[in-house]
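Input: a single structure, listed below in structure tokens.
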Amino acid sequence: MWDRLAASDPGLLRLTAGLRTVTAIALTLAVLAAAGVPVPRLVAGAMAAMVATFAIREKQPARQAVTLALGLPVALASVSLGALLNQRVVVGDLFFVALIFGAVYGRRFGDRGTALGLIGFQVYFLSLFVQATTAALPALYAVIAVAFACSATARFVLLPQTPAGTLDRLRRAFRARLAQLLASQAKLPDAGPEEVEKVLEELRTRTARLHETALLIQGRLEDGTSDPAVARLLQRRIADAEIAAERLGLLLLTARSAERTDTLTLHLPGAPVPSGVELPVRDGAAAALRRDLRALRVLTLRPAGEAPGAALAQVRNRLLGYREEENLPDASPAVQDVFRGLGEAARAALGLRLALDGPQDESADTPATTRSREELDAEDTAIEISEERAPQAEPSGLRRPTTRAAVQVAVGSSLAIAGGELLSSQRWYWAVLTCWIVFLNTASTGEILVKGYRRLLGTVLGVVAGIGLAGLVGHHTWMAFGLVLVFIFAMFYSAPLSYTLMSFFVTAMLGLLYTLLNTYSAAVLVLRIEETALGAACGVFAAAVVLPVHTDRRTNELLVAVLERLAEVTRGAVDQLSGGPGGDLVERARELDQALADLRAATQPLTHPITPLRSRRDSVRYVVALLETCAYHGRSLAATAELLPTHPSIAADPRLRGACRRIVHNIEAIAAHVADPRSAEEIESGSSIASMLEPGTLRTPRYGRVTDRVLRHLQRLDEAVSGLARPLGVAGGPAR
């Protein structure tokens with residue numbers, strides 16, 4: 001059960017965020033209730049504690065403490081201005097717009113600027129919500145101070161979270177998700193025609209989740225480890241395990257079919273299922289394959305300290321033995337490749353175990369296991385700390401994303417204030433809040449439109465729930481506060497999963513808060529729907545008219561970035577495999593993965609189920625799936641290239657550099673066309689990569705199975721890059 005929880009919530013980040021916020025609010029309510037504070041002040045304290053807790057996103061506790069300390073005077077100043085300007089409509093509205101502009105513009109100063117801007121805005125909103133007056137300011141000061149103190153207690157005393165602890169939980173989550181992926185792969189040998197599509201979809205989902213956890217670990221390595229060399233080692237071992245698991249899935253799919261499975265099958269929903277329903281293996285090999293797939297999952301899942309004894313060592317030795325040709329069972333070549341894949345996955349699991357759990361007992365090692373350990377030790381010694389990259393120049397003026405977003409949200413908020421006051425002179429701020437929120441973590445008009453739609457849907461459903469809950473709770477104050485805490489936890493726990501669900505819990509919670517303030521009515525909640533719709537419309541209008549960043553432009557920029565990272569990884573890996581100098585290829589591969597994750601998020605408006613352009617949605621999904629295929633092969637080439645200095649069966653082959661030239665040229669031609677449709681660059685076609693390296697073309701001998709694997713990755717990468725040209729409208733040129 002713990003493994004399932006670790007896999008469903010990597011690093012327990014959502015659980016910690018929800019518990020920490022609820023704990024801060026509960027502490028605040030307890031302290032204020034003991035002091036005999038009236039209910040409106042309790043509501044203000046609960047809201048202030050929530051803001052002080054969720055606004056701070058920095059990873060280091062010391063930086064969190066500084067930001068929280070700076071946030072208190074910002075909150076006090078904001079609530080003071082809210083109370084002073086509450087009755088001065090024009091001046092108050094102008095200041096609110098200026099505050100919104102400053103809060104969004106503050107994002108350019110990193111996490112601290114974002115947090116302080118968020119605190120300033122939300123506390124000003126709090127003053128409007130509780131209708132603060134100048135006479136009530138001393139009491140509100142005390143309430144906010146208590147809320148910040150309770151937030152600090154929850155953050156640093158009751159539920160502390162260190163970067164090292166978070167990284168440790170993320171590593172456990174990676175291990176659990178890797179075991180889940182292997183469990184899905186173990187279903188493939190026996191999956192019938194009716195079941196294989198379901199298993200394949202499960203494979204796609206769990207492969208994507210494993211990749212997501214690897215990226216989360218990448219983002220925490222710098223803060224979570226004290227030694228850069230340790231971070232570099234862990235990064236490498238995570239990449240090895242991820243690549244080995246994905247390769248094993250492809251080998252299993254290939255063994256089910258009459259021909260080699262296209263890598264696209266694992267990345268494109270609805271891709272053709274490989275033909276064939278039974279693995280062509282003899283009975284003994286079939287039983288061994290099923291047994292060893294389950295054994296690999298056990299080997300991966302259990303940390304060394306939780307699974308001592310000779311049995312685990314025997315399993316490890318048997319799986320690592322498949323790296324030796326003489327230990328392969330009597331089966332077809334495709335099935336023997338699966339057993340080789342099991343051996344490589346076991347080697348990756350051993351490397352991951354050594355990186356996470358440290359040295360282990362070697363008394364039961366076989367020669368094959370000893371060889372794997374020696375290879376891993378040699379790689380550890382050869383790992384170098386990555387070099388510092390020169391920072392990229394950022395755009396200035398209105399081209400800067402934070403400046404543009406600040407101008408857009410200021411215009412949208414001005415419209416929301418004007419329209420909101422026409423709907424209600426008392427609760428116009430709901431429209432402003434919605435306009436503000438739809439701009440958070442969005443970068444294009446399409447993203448804002450989808451976020452506004454999701455917020456409106458969640459609000460409508462939340463209003464229905466709020467009406468029912470208000471009638472149920474009545475005047476039971478502490479029951480209402482208890483439900484508020486439940487909804488706040490659910491809000492933070494569900495936020496990364498579903499924005500609609502989060503909006504539902506927010507609106508249901510507000511219905512309870514209105515009940516506590518004795519201002520509840522069905523008309524108030526219906527007004528919230530109207531104000532939410534107005535705020536979303538104002539946000540979309542401002543994003544579409546004021547300094548717009550259209551979805552096509554945004555996705556094209558990110559697509560070019562992905563292609564540039566892909567060309568960089570491919571060129572660097574093949575150059576090293578050809579005998580050139582080494583480089584930090586795993587780091588470059590992770591930069592490619594991050595660029596692809598950004599592109600995938602930006603294309604959500606184009607692939608959303610409500611989009612009316614069905615053919616375009618399918619085309620975008622196809623392009624993203626092809627890019628994920630390219631990224632997989634790029635990662636694999638980078639990992640193989642970094643083995644070159646230490647692996648006894650890998651030798652540099654200078655012919656690979658010539659084979660890579662066409663691939664890199666085609667990637668750069670597609671990037672040039674995406675950046676400028678008038679580009680005259682054309683992709684090149686020609687004979688397959690493998691045929692370019694046949695022994696008859698050059699007199700240099702081929703090198704073993706590792707070179708064959710490199711050729712397969714280059715061939716698949718060449719095919720995937722050529723496949724990108726058609727949906728992106730890039731013309732083909734003559735063969736060279």
Side-chain angles (χ1 to χ4, degrees), residues 14 17-18 21-22 25 42-44 46-47 49-51 53-54 121-122 125-126 128-130 416 419-420 423-424 426-442 448-477 479-540 608-610:
R14 291 186 286 121
T21 306
V22 167
I25 294 173
L42 291 177
V43 172
M47 294 179 68
M50 181 174 68
V51 172
T53 305
F54 80 77
F121 172 83
Q122 292 286 2
F125 173 83
L126 181 156
L128 299 176
F129 185 79
V130 299
L423 287 175
S424 170
Q426 298 297 318
R427 295 184 175 84
W428 52 270
Y429 44 78
W430 288 122
V432 182
L433 181 66
T434 299
C435 182
W436 154 278
I437 287 177
V438 297
F439 275 94
L440 292 178
N441 300 319
T442 53
I448 292 171
L449 177 61
V450 170
K451 193 171 184 179
Y453 153 77
R454 288 172 173 168
R455 183 167 182 83
L456 181 60
L457 177 61
T459 298
V460 171
L461 298 175
V463 163
V464 175
I467 292 174
L469 287 171
L472 176 67
V473 171
H475 297 289
H476 300 285
T477 300
M479 180 187 294
F481 272 122
L483 287 174
V484 165
L485 292 177
V486 171
F487 286 145
I488 288 175
F489 174 82
M491 177 178 69
F492 282 96
Y493 194 78
S494 64
L497 303 178
S498 170
Y499 187 71
T500 300
L501 196 59
M502 186 200 77
S503 299
F504 166 81
F505 288 120
V506 169
T507 305
M509 175 193 70
L510 288 172
L512 293 170
L513 291 180
Y514 279 131
T515 302
L516 291 169
L517 294 172
N518 295 318
T519 56
Y520 165 79
S521 69
V524 168
L525 292 182
V526 172
L527 177 63
R528 170 157 169 75
I529 295 178
E530 297 172 347
E531 297 278 3
T532 299
L534 175 64
C538 291
V540 172
H608 196 274
I610 66 171

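Everything numeric in this text was worked out from a predicted model, so none of it was measured.
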Are [X] and [Y] close enough that some pair of their side-chain heavy atoms sits under 4.5 Å apart?
X      : Y      : value
Ile437 : Tyr499 : yes
Leu534 : Glu531 : yes
His476 : Leu483 : no
Phe481 : Ile25  : no
Phe505 : Ile488 : no
Met491 : Thr21  : no

Quick check for you: to the nearest 0.5 Å, what is the distance between [X] atom [atom1] and [Y] atom [atom2]?
X      : Y      : atom1 : atom2 : result
Thr434 : Arg528 : OG1   : CZ    : 6.0 Å
Glu530 : Leu456 : CD    : CG    : 11.0 Å
Phe487 : Leu469 : CZ    : CG    : 4.5 Å
Met502 : Arg454 : CE    : CZ    : 11.5 Å
Met47  : Leu42  : CE    : CG    : 13.5 Å

Taking all non-hydrogen atoms of both residues into account, name the closest pair between [X] and [Y] and its distance.
X      : Y      : value
Ala431 : Gly420 : CB-CA, 4.5 Å
Leu512 : Ala480 : CD1-O, 4.1 Å
Cys435 : Ala416 : CB-CB, 4.4 Å
Val130 : Ala44  : CG1-CB, 4.1 Å
Val463 : Thr507 : N-CG2, 3.6 Å

Can you name the residues that form a ring-ring contact (aromatic ring centres under 6.0 Å, His included) with Phe121, not counting sequence neighbours?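 Applying ring-ring contact (aromatic ring centres under 6.0 Å, His included) to Phe121 gives Phe96, Trp436.
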Go through the structure and list residues passing ring-ring contact (aromatic ring centres under 6.0 Å, His included) with Phe129, not counting sequence neighbours.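 For Phe129, the residues satisfying ring-ring contact (aromatic ring centres under 6.0 Å, His included) (neighbours in sequence not counted) are Trp430, Tyr514.
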Tell me, please, which residues at least two apart from Thr459 pass side-chain hydrogen bond (donor to acceptor under 3.5 Å, both in side chains).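 Expected list: none.
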Gln426/Val524 under side-chain contact (heavy atoms from CB on, under 4.5 Å): CA gap, chis, key distance, verdict: CA-CA 10 Å; Gln426 298 297 318; Val524 168; over 6 Å; no
